[in-house]
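What follows is a short report on a single structure.
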Amino acid sequence: MAKITRKPLLKSRLTVSKRARNSRGPAPDRVKRNKSLKTSAGKPGKSTATKTSVRSFRPWTPAEIYEAFSRFRKANPEPKGELEHLNPYTLLVAVVLSAQATDAGVNKATRALFSVADTPQKMLALGEEKLRDYIRTIGLYRTKAKNVIALSEKLLADFGGEVPRTRAEIESLPGAGRKTANVVLNMAFGERTMAVDTHVFRVGNRTGLARGDTPLEVELGLERVIPPEFMLHAHHWLILHGRYTCLARKPRCEVCLINDLCRWPEKTV
Ligand code: SF4
């Protein structure tokens, strides 16, 4: 029988212990000192110091989450999205156009567009070339024009010209992904979905409400912790919070409604 010595056992314990330490990431104080790791905010798909340091902090309690959303509700009982639209179809088109663009930039282009094309039939009658002229101030407008024409054709061919009401059907439309489906389901049909854009992604990770490497992880995390009574408006509260208060570069922690609850180690209050 082979003789068992203590040395390999100690080495293996040491290795495991080192691995365990590394898997937890650097401690918050070390992260703060290491400026090369510091970032303004978590971005989808990137591992950041923000997220790593938040990871070491205690999770929110259900009572704290209830308190945070009660404050959002009190401050803004009926939050509205800022993408201008006239009906579910124009909302769908506006969301497709808004990928990697600002709502303000999209609104500027769609005001004139929707006055002449607010249905799939009218959009097809307008045609791709003229549509491009309306939206040429929006990034990626050529691809987006193609998608809007293609999705209008599909709406007419497969859905009687109406925007469908299921996630799978909306995601089957050209140019429409999970975020588009979540926005349309929430704003047009009143479903309790959580669309994660760059603002919601940042707020979820920074505050520690729902951390994740991808928008989907943050979406599912937020859905898990936010009480159902807040879910209808939670998407807009978090977007508006990220857009006007929890800014990417210089978060306005001093006027933040939830600054006592936020877990971000770098908050300025
Ligand atoms: S305290 Fe600062 S970092 Fe935290 S949510 Fe508020 S604005 Fe964002």
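Owing to the predicted nature of the structure, the values given are computational and were not obtained by experimental measurement. Remember, it's 1-based here, ligands and their atoms both numbered in the order they're listed.
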Q. Is a salt bridge present between Arg58 and Glu64, judged by a nitrogen-to-oxygen distance below 4.0 Å?
A. yes
**Q.** N-O pairing of Arg243 and Glu82 below 4.0 Å
**A.** yes
Q: Using side chain to side chain donor-acceptor pair (under 3.5 Å) as the criterion, list what pairs up with Tyr134, not counting sequence neighbours.
A: none
Q: Check atom 8 (Fe) of ligand 1 and write out every protein N, O or S atom at under 2.8 Å, as residue and atom.
A: Cys246 SG
Q: Give the ring-plane orientation class for Phe69 versus Trp237, where under 30° counts as parallel, over 60° as perpendicular and anything between as tilted.
A: tilted
Can you list, pair by pair, the side-chain donor-acceptor contacts under 3.5 Å of residues 117-125, counting residues two or more places apart and other chains?
residue, atom, partner, partner atom, Å
Asp118, OD1, Lys122, NZ, 3.0
Thr119, OG1, Lys122, N, 3.1

Q | Pairing residues for Ser115 by the side chain to side chain contact (heavy atoms under 4.5 Å, CB included) criterion, not counting sequence neighbours | A | none
